[in-house]
Amino acid sequence: MNTLQYDVVVIGGGPAGLAAAVKAKEYGLNVLLLDENEYLGGILPQCIHPGFGIHYFREELTGPEFSHRFVQRVKDLKIDYFVKARVLEIKNYSDLEKIVAFTSPEGAFEVWAKAIIYATGARERHAFEIGIVGDRVAGIYTAGEAQTLMDIYGVMPGKEVVIVGSGDVGLIMARRFALEGAKVKAVIELMPYPGGLARNVMILRDFNIPLYLSHKVVEVRGKKRVEKVKVVKVDENLREIPGTEFWIECDTIIISAGLIPQVKLLTDIGVEIDPATGGPVVNDLLETTVPGIFVAGNSLLINDLVDYVAEQGELAAYGAKLFIENGGIPAEKWIKLEKGNNIRLAVPHYLSGKRDVYIYARVRKPMENVVLNFPEIDRKIRLPVVRPAEMLRIRLRKEEIAKARDKITMEVVQ
């Protein structure tokens with residue numbers, strides 16, 4: 001086995017990993033970037049629609065354009081990287097010594113590093129995870145699989161489509177199918193409100209695509225390929241309502257039922273996971289409960305915008321820099337961020353009061369004309385509307401955080 005040595009190993013070559021690798025290199029650290037795909041960029045090369053980079057680059061880009069800028073920067077900075085690299089294990093040898101074992105076409109490697117930035121992204125939920133039963137036939141894809149087929153390989157997955165879940169990728173794929181001449185028969189959403197950003201929900205109206213809220217797909221029927229799906233209405237407790245079943249004829253089902261952070265390599269070394277996000281518990285430098293392991297992007301929490309993902313990658317790089325320079329992250333005390341009324345998740349979990357912090361949060365249910373309240377520090381922000389599908393990104397200044405003793409509660413009130 002080949003042995004390598006670096007200051008930082010970045011695992012994942014999507015937007016979070018690319019941003020982290022570039023920023024760490026700019027800080028003067030010796031960086032190795034690893035990605036399991038054939039090319040850098042994560043899922044961005046298959047996201048040919050616009051809407052990326054508005055916050056980060058101050059211009060609207062497609063996914064390939066966004067990733068190209070970072071990939072070019074990686075090459076300009078001569079950052080070492082491996083593609084087709086499968087990470088097998090992370091070993092926490094000590095607080096200041098980590099080992100990353102991986103294989104690639106070049107061979108098997110063991111990398112010693114002072115810090116790790118983990119940016120492996122998330123995986124899609126599949127049909128079996130959301131309770132769809134019936135015939136096991138062709139024509140069932142996740143939204144990401146369909147996007148890859150269409151935008152990378154030029155393959156049309158089907159002609160009559162039902163989309164399960166109204167998340168952003170599912171809504172974008174509804175438009176993509178419609179533009180390619182397919183008939184999108186329906187978008188089926190379990191919750192009583194859409195799961196995607198408002199601008200993406202408008203796609204359905206633009207293309208006259210029916211949206212069934214408080215409904216679920218429960219069964220698939222077909223011989224060699226999907227022929228129809230059974231849909232049923234659900235009540236406020238998400239229980240099926242007898243007698244409301246109906247069938248929709250189609251040849252393709254697209255599952256857009258949410259993402260799950262990929263964290264197995266982290267749980268294997270004892271990193272604490274937040275059940276609300278599915279990602280690690282972190283401090284305000286995105287360091288996990290295992291010192292020297294930092295996390296960014298969708299492996300931390302599911303983000304709306306790639307701009308936030310890149311922002312988190314850069315913050316993780318800054319955390320790794322401080323960790324290496326100081327032999328650990330110094331903090332006299334950690335102030336816990338508590339979830340109050342109508343807050344489903346909030347990251348980071350612990351604040352130092354030593355630096356300004358962006359809080360990323362989601363609400364449990366939609367509300368209008370609300371106040372986002374942090375009572376311990378007397379901070380109030382008025383908002384016209386909050387929705388579960390739209391992430392809240394709030395900046396707290398270090399002077400405000402320092403006012404708190406041991407906790408800061410985040411809540412939504414009217």
Side-chain angles (χ1 to χ4, degrees), residues 14 37-39 41-52 60-68 121-130 132 134-189 194-197 199-212 215-217 219-231 247-259 306:
N37 295 316
E38 296 180 2
Y39 46 80
I43 65 168
L44 289 180
Q46 70 193 49
C47 300
I48 65 173
H49 53 277
F52 300 88
E60 189 172 28
L61 306 171
T62 64
E65 289 172 329
F66 188 100
S67 65
H68 174 75
R123 69 167 180 85
E124 297 176 279
R125 295 181 188 274
H126 51 70
F128 300 112
E129 287 181 296
I130 60 173
I132 297 178
D135 298 325
R136 303 184 74 168
V137 290
I140 303 174
Y141 305 91
T142 66
E145 288 171 340
Q147 191 176 61
T148 301
L149 284 172
M150 297 174 74
D151 297 341
I152 298 295
Y153 299 108
V155 175
M156 190 70 173
K159 297 179 180 179
E160 294 189 323
V161 182
V162 169
I163 295 178
V164 181
S166 61
D168 289 312
V169 178
L171 295 172
I172 289 166
M173 289 310 297
R175 175 178 63 189
R176 188 81 176 90
F177 274 107
L179 288 171
E180 291 295 337
K183 175 66 175 177
V184 182
K185 306 291 282 288
V187 173
I188 311 297
E189 171 57 52
L197 297 172
R199 70 184 189 212
N200 290 329
V201 177
M202 291 177 62
I203 291 169
L204 304 182
R205 184 184 64 186
D206 293 342
F207 289 91
N208 197 28
I209 298 170
L211 171 63
Y212 292 88
H215 283 75
K216 64 187 291 190
V217 172
E219 188 176 344
V220 178
R221 286 296 172 212
K223 293 181 179 178
K224 293 183 178 181
R225 187 179 177 93
V226 174
E227 296 176 3
K228 60 182 180 178
V229 297
K230 182 192 282 188
V231 180
W247 292 88
I248 300 177
E249 293 184 356
C250 60
D251 62 19
T252 305
I253 303 170
I254 304 298
I255 309 296
S256 179
L259 302 172
V306 70

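The structure displayed is predicted, hence computed values, not measured ones. Below, all heavy atoms of this structure are taken into account, side chains as well, without hydrogens, waters or symmetry copies.
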One should read off an interatomic distance between Glu60 CD and Glu65 CD, to the nearest 0.5 angstrom, of 9.5 Å

Going through the checks in order, is the side chain to side chain contact (heavy atoms under 4.5 Å, CB included) test met by Arg136 and Phe128?
-> CA-CA 11 Å; Arg136 303 184 74 168; Phe128 300 112; 3.7 Å; yes

Can you check whether Cys250's main-chain N or O pairs, donor with acceptor, with Lys185's side chain at less than 3.5 Å?
-> no

Leu204 versus Val187: any side-chain heavy-atom pair under 4.5 Å?
-> yes

Quick check: does any side chain N or O of Glu124 sit under 3.5 Å from a backbone N or O of Gly258, one acting as donor and the other as acceptor?
-> no

Quick one: does Met173's side chain get under 4.5 Å of Gln147's, heavy atoms only?
-> yes

Side-chain H-bond candidate by donor/acceptor type, Thr148 with Glu145, under 3.5 Å = no

Min side-chain heavy-atom separation Trp247-Glu227 under 4.5 Å | no

Report the residues that fulfil ring pair (Phe, Tyr, Trp, His ring centres under 6.0 Å) with Phe52, sequence neighbours left out, ordered by chain and then residue number.
-> His49

Determine which pairs satisfy salt bridge (charged side-chain N to carboxylate O under 4.0 Å, His left out) with at least one residue from residues 199-208, sequence neighbours left out, and list them in order.
-> none

With sequence neighbours left out, what residues match Tyr39 under side-chain contact (heavy atoms from CB on, under 4.5 Å)?
-> Pro45, Ile152

How long is the gap from CD1 on Ile203 to CD1 on Ile172, to the nearest 0.5 Å?
-> 6.0 Å

Approximate separation, where rounding is to 0.5 Å, of Thr62 OG1 and Phe66 CZ = 11.0 Å

Without swapping roles, check the side chain of Ser67 against the backbone of Gly41 for a donor-acceptor pair under 3.5 Å.
-> no

Verify the distance criterion only: is there a donor paired with an acceptor across the side chains of Arg225 and Thr252 at less than 3.5 Å?
-> yes

Residue set satisfying salt bridge (charged side-chain N to carboxylate O under 4.0 Å, His left out) with Arg176, at least two apart, ordered chain then number -> Asp151, Glu180

Take Ile255 and Ile132 through the side chain to side chain contact (heavy atoms under 4.5 Å, CB included) test and state the conclusion after the steps.
-> CA-CA 10 Å; Ile255 309 296; Ile132 297 178; 3.9 Å; yes

Does the pair Leu149 and Tyr141 meet the rule for a side chain to side chain contact (heavy atoms under 4.5 Å, CB included), with working shown?
-> CA-CA 10 Å; Leu149 284 172; Tyr141 305 91; 3.6 Å; yes

For Arg123, the side-chain hydrogen bond (donor to acceptor under 3.5 Å, both in side chains) test, sequence neighbours excluded, returns Glu129

Roughly how far apart are Arg175 CZ and Ile209 CD1, rounded to 0.5 Å?
-> 10.0 Å

Rounded distance [0.5 Å steps], CE in Met150 versus CZ in Phe177 | 5.0 Å

Output the distance between atom CG (Leu44) and atom NE2 (His68), rounded to the nearest 0.5 Å.
-> 13.0 Å

Work out which heavy atom in Ala186 is nearest to a heavy atom in Ile248; give both atom names and the distance.
-> CB-CD1, 3.9 Å

Return all side-chain donor-acceptor pairs below 3.5 angstrom for residues 155-168, not counting sequence neighbours, or 'none' if the list is empty.
from	atom 1	to	atom 2	distance (Å)
Ser166	OG	Glu189	OE1	2.6
Ser166	OG	Gly195	N	2.6
Asp168	OD1	Leu197	N	2.6
Asp168	OD1	Asn200	ND2	2.8

Can you tell if the side chain of Ser256 reaches within under 4.5 Å of the side chain of Thr142, non-hydrogen atoms only?
-> no

